Amino acid sequence: MSTVNNIELKVNLRKNNNEKSDQFGKYYAELERKRTLSLKGLAKHISDHGSIFTRDVIEGVLSKLTQCVPELLSQGVPVKLDGLGTFYPTAENKNGGLESIEAAKNMSPETQVEGIRIRFQAEGSDLDNITSKAFKEKCSLDL
């Protein structure tokens, strides 16, 4: 992956104003976020990159993807999109966990599980490495 048209990723400095923090008064880099791209916008972007498929076909595939990925995750099946990464489910526990395995005998999943989170692990293979430091090298930063 390379940057298209060398569009810069804007970096702003944010001051920590939390007086209770030991980092109070220090400045931290914060990325400027642009408006979120919709599914239709992403489909158009893909089709504009010389795809043989029209925007509506791409939009249909992406729409089906947004239905199938949550379905599979709800069944405990991680989904890997090669070159991007893996989506996987994790449990958010209530009350900080159980004291012992014996305590699990008297509980139901509904009483222990607060929620199910969808996590994402970026691709880290040599060819498609988009983990934090490798991805930074692919960005053009501007302060």
Side-chain angles (χ1 to χ4, degrees), residues 1-101 103-104 107-143:
M1 183 183 99
S2 63
T3 55
V4 177
N5 299 328
N6 200 27
I7 298 172
E8 294 175 330
L9 182 57
K10 300 289 185 187
V11 179
N12 297 317
L13 293 177
R14 179 187 53 82
K15 185 177 181 180
N16 181 341
N17 292 318
N18 182 354
E19 294 178 3
K20 296 178 182 176
S21 170
D22 59 350
Q23 304 300 312
F24 174 71
K26 291 186 178 181
Y27 289 83
Y28 292 89
E30 185 174 80
L31 297 179
E32 183 177 299
R33 279 197 244 167
K34 296 180 171 59
R35 193 172 42 149
T36 301
L37 192 62
S38 68
L39 188 132
K40 283 184 180 191
L42 178 59
K44 181 178 182 325
H45 181 84
I46 292 170
S47 70
D48 288 348
H49 274 268
S51 174
I52 61 170
F53 301 104
T54 59
R55 184 203 50 81
D56 59 330
V57 171
I58 295 168
E59 187 178 334
V61 171
L62 291 174
S63 179
K64 190 55 79 174
L65 180 78
T66 65
Q67 294 169 14
C68 291
V69 169
E71 175 190 355
L72 290 165
L73 293 173
S74 75
Q75 298 167 9
V77 179
V79 176
K80 180 178 182 185
L81 300 177
D82 292 337
L84 187 61
T86 303
F87 294 90
Y88 61 97
T90 62
E92 179 184 351
N93 286 273
K94 290 182 183 177
N95 307 321
L98 299 170
E99 296 295 325
S100 68
I101 196 68
M107 73 96 172
S108 70
E110 288 77 22
T111 61
Q112 185 58 31
V113 177
E114 179 76 28
I116 304 295
R117 295 178 185 228
I118 297 174
R119 303 286 190 182
F120 176 76
Q121 175 66 50
E123 182 74 52
S125 68
D126 290 339
L127 295 176
D128 298 313
N129 191 345
I130 59 170
T131 57
S132 66
K133 291 180 182 176
F135 191 67
K136 177 186 171 231
E137 298 303 318
K138 298 174 184 183
C139 296
S140 177
L141 301 177
D142 179 47
L143 186 63

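Quick caveat: nothing in here was measured; it's all calculated off a predicted structure.
Residues L31 and V11 meet the side-chain proximity criterion, which asks for heavy atoms closer than 4.5 Å. Side-chain atoms of I118 and V69, non-hydrogen and from C-beta on, never get closer than 4.5 Å to each other. Counting only heavy atoms from C-beta outward, the side chains of F53 and V61 never approach each other to under 4.5 Å.
Residue K133 places its NZ atom among 12 or fewer non-hydrogen atoms of other residues, nucleotides or ligands, all under 6.0 Å distant. The 12-atom threshold is not exceeded at CD of E19, counting heavy atoms of other residues, nucleotides or ligands nearer than 6.0 Å. Atom CZ of F24 has more than 12 neighbouring heavy atoms from other residues, nucleotides or ligands inside a 6.0 Å radius. Taking a 6.0 Å sphere around CG of L13, one finds it holds more than 12 heavy atoms contributed by other residues, nucleotides or ligands.
Look at E32 and K10 and you find no salt bridge, because none of the NZ, NE, NH1 or NH2 atoms lies under 4.0 Å from a carboxylate O.
Although no hydrogens or angles enter the test, the distance criterion places a donor-acceptor pair under 3.5 Å between the side chain of T66 and the main chain of S63. When atom types are taken as modelled, the side chain of E114 and the backbone of K94 share no donor-acceptor pair closer than 3.5 angstrom.
When every heavy atom of S51 is checked against every heavy atom of I46, the shortest pair comes out as CB-O, 3.7 Å. Nearest heavy atom pair, residue L39 against residue E59, reads CD2-CG, 3.3 Å.
In this structure, NZ on K80 lies 5.5 Å from OG1 on T86, to the nearest 0.5 angstrom.
With 3.5 Å as the limit, one finds a donor-acceptor pair spanning the side chains of Q112 and N93.
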